[in-house]
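Everything on this sheet refers to the single structure shown next.
Within every chain, numbering begins at 1; the chains are lettered A, B, ... in the order of the sequence lines, protein sequences first and strands thereafter. No hydrogens, no waters, no symmetry mates; every other heavy atom, side chains included, goes into these values.
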Number of protein chains: 2
Amino acid sequence: MTESEQVKDRKFVESLSRGLSILSAFDQTPGPLGNQEIAAITKLPKPTVSRMTYTLTKLGYLNYSERSEKYELGAINLTLGHAYTANLRIRQIAKPHMLEMAKEFNVNIGLATNVGYEMIFVDYCRGDLLKSVLVDIGSKLPMAKSAIGRSYLASLSKEQRDVLMPELAKIHGKDWPEVEKNLAEALDLYDEFGFTRSFGYWDRNINTVAVPLKLSENRIFCISCGGPDYVISTDTLLKVIGPRLIHVSRDISNSGL
Amino acid sequence: MTESEQVKDRKFVESLSRGLSILSAFDQTPGPLGNQEIAAITKLPKPTVSRMTYTLTKLGYLNYSERSEKYELGAINLTLGHAYTANLRIRQIAKPHMLEMAKEFNVNIGLATNVGYEMIFVDYCRGDLLKSVLVDIGSKLPMAKSAIGRSYLASLSKEQRDVLMPELAKIHGKDWPEVEKNLAEALDLYDEFGFTRSFGYWDRNINTVAVPLKLSENRIFCISCGGPDYVISTDTLLKVIGPRLIHVSRDISNSGL
DNA sequence: AATTTAATTCCGCTATGCGAAACTAATTGT
DNA sequence: ACAATTAGTTTCGCATAGCGGAATTAAATT
């Protein structure tokens, strides 16, 4: 209905979708939001937003602050994420590998999967040295610019990838030509070496390598490993960490998930 | 409508509530669930569940496994929790204190708030020694049996507490007399010492002490600190850690959140 | 072949949710 | 003091989105 697409999908519950899109607004735009702002972000009509925030507040998904007269996410939002990770077998399988490498090389290691056109971390281990608070479970990285996103793309067939590309192009707008070039290089290097890399590209100071894990039923997770120059050299990443990740990837693939 | 309660709340969006209750089903009962099971758990009629799971799957909140013909939570469920914690000022304030104590005493420290009749952890630091995987961000503890839950109860006025008690009684069923007795003791000791305790009660091997933090607008968070006997003695908990927590609590209360 | 179990689809009905417009209330400007 | 602006809520008639009993399909089990 929104545009002109679905003539009628009797099975799709619009109001549920709308309610969830209101919660998502708090991911895109942090900080307390008023109904007006929510309406602006979600493009939903004011009374609808009003009813939805009312409902979500009653259920605990939003907290209302009398002071600011705005809404914030409620703590209950943590439960679903926790339920997700708690039942994710791949985490248990990958964890020992991740801890071992994090300790041995003092690097940060993340386990992520794709959500839409981004990668989301489902687990993360830090080396002792730096606590880059930037990344944590639930945080996202762009698919095209991060090593881990690129390893996801690398795991896809050309056809699957070609479906995504236009969307990625849209996301990156005028930067796309440059992003695409860089991405294409990274994918070529993947074909050659078996892991992807992103050196100072998504974050100027961070160098990362990553590999995909292909599980059953087309589920794909990726492991990335990296850190700032002064902790881990690009040379070590390429010569030691990358190959090690490939090994880990094989190991996990054999565990039959 | 459900029972006979609300005559009519024109503002409450039932289908949103139902959709969310379906997601919550995956917290109560982990593992892949089929529509039937979801219907049983949520008491919703089958076709409704069918439509909801269809919608949630389209939006990525559920993944459908062809193999098992069941649904699981999707990774996207991590984002809201992450958005919640990322914007939670108290976490940044409390973190240094928590890290310091975790390191100094090798204990586990958690920061939690109440959700319904449970406490939910919004942050957690582990001492080096044990990684009790049981507790993590997003996991919950019972309010009446855990030190941290008791410290929440202790922070309330008698009137507020009296509202909760019948609900807690309901939750604990036939165990309530015993739970209540233990809780009452703990609350008395709180009045005397300024922190609550739970020694081997919720978990036989773990001893914990906790304090509440009262923030502005009646927001309450609690910090707990504990570990197994062989890492931290109850004596140290009572003589050193407890008082230290009180100090931390004062510190944070002065930070004007 | 018959039975059981689970998911989906059908389809008529109406309660539900919609949203334009009206209304409140608070803030700002002149 | 009085518009004007901005944000949130409420109203209310209407359309239909969503409901759910019942039928249907599809697999698994006996």
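- Using a distance-only test at 3.5 Å, with no hydrogens or angles considered, no donor-acceptor pair links the side chain of A:Arg250 to the main chain of A:His247.
- What separates CG of B:Asn35 from C1' of D:dA26 is a distance of 15 Å, to the nearest Å.
- Nucleic acid contact class of B:Lys11 (heavy atoms, under 4.0 Å, all strands): sugar-phosphate only.
- The closest donor-acceptor contact from the side chain of B:Ser50 to the backbone of B:Pro47 lies at 3.5 Å or more, if one exists at all.
- Atom NZ of B:Lys46 and atom P of D:dT25 are 15 Å apart (whole Å).
- Note: CZ (B:Arg18) to C1' (C:dA15) measures 11 Å, nearest angstrom.
- Other residues, nucleotides and ligands contribute at most 12 non-hydrogen atoms within 6.0 Å of the CG atom of A:Asn218.
- Within 4.0 Å (heavy atoms only), B:Pro45 reaches sugar-phosphate atoms of the nucleic acid but no base atom.
- Here the P atom of nucleotide C:dC10 and the CG atom of A:Asp9 are 12 Å apart, to the nearest Å.
- Ring-plane geometry between A:Phe12 and B:Tyr54 is classed as perpendicular, the angle between the planes exceeding 60 degrees on a 0 to 90 degree scale with a lower cut at 30.
- Atom CG in B:Leu16 sits roughly 11 Å away from atom P in D:dG18 (whole-Å rounding).
- Residue order along DNA chain D, read from the 5' end via each residue's closest nucleotide, puts A:Lys70 first among A:Ser15 and A:Lys70.
- With D:dC19, D:dG21, D:dA17 as the candidates, the nucleotide lying closest to the side chain of B:Met52 is D:dC19.
- Residue A:Glu37 contributes atom CD, which lies 12 Å from atom C1' of D:dG8 at whole-angstrom precision.
- Contact annotation: A:Ser50 side-chain N/O to D:dG8 OP1/OP2 distance is not under 4.0 Å.
- The side chain of B:Val13 sits closest to C:dG17 out of C:dG17, D:dT10, D:dG20.
- B:Phe121 and B:Tyr124 have perpendicular rings, their planes meeting at more than 60° on a 0 to 90° scale where under 30° would count as parallel.
- In this entry the distance linking NZ of B:Lys43 with C1' of D:dC19 reads 20 Å, nearest Å.
- Summarising the geometry, the separation between CD on B:Gln36 and P on C:dA7 is reported as 5 Å, rounded to the nearest angstrom.
- The base of C:dG19 lies close enough to the side chain of A:Arg51 for a donor and an acceptor atom to sit less than 3.5 Å apart.
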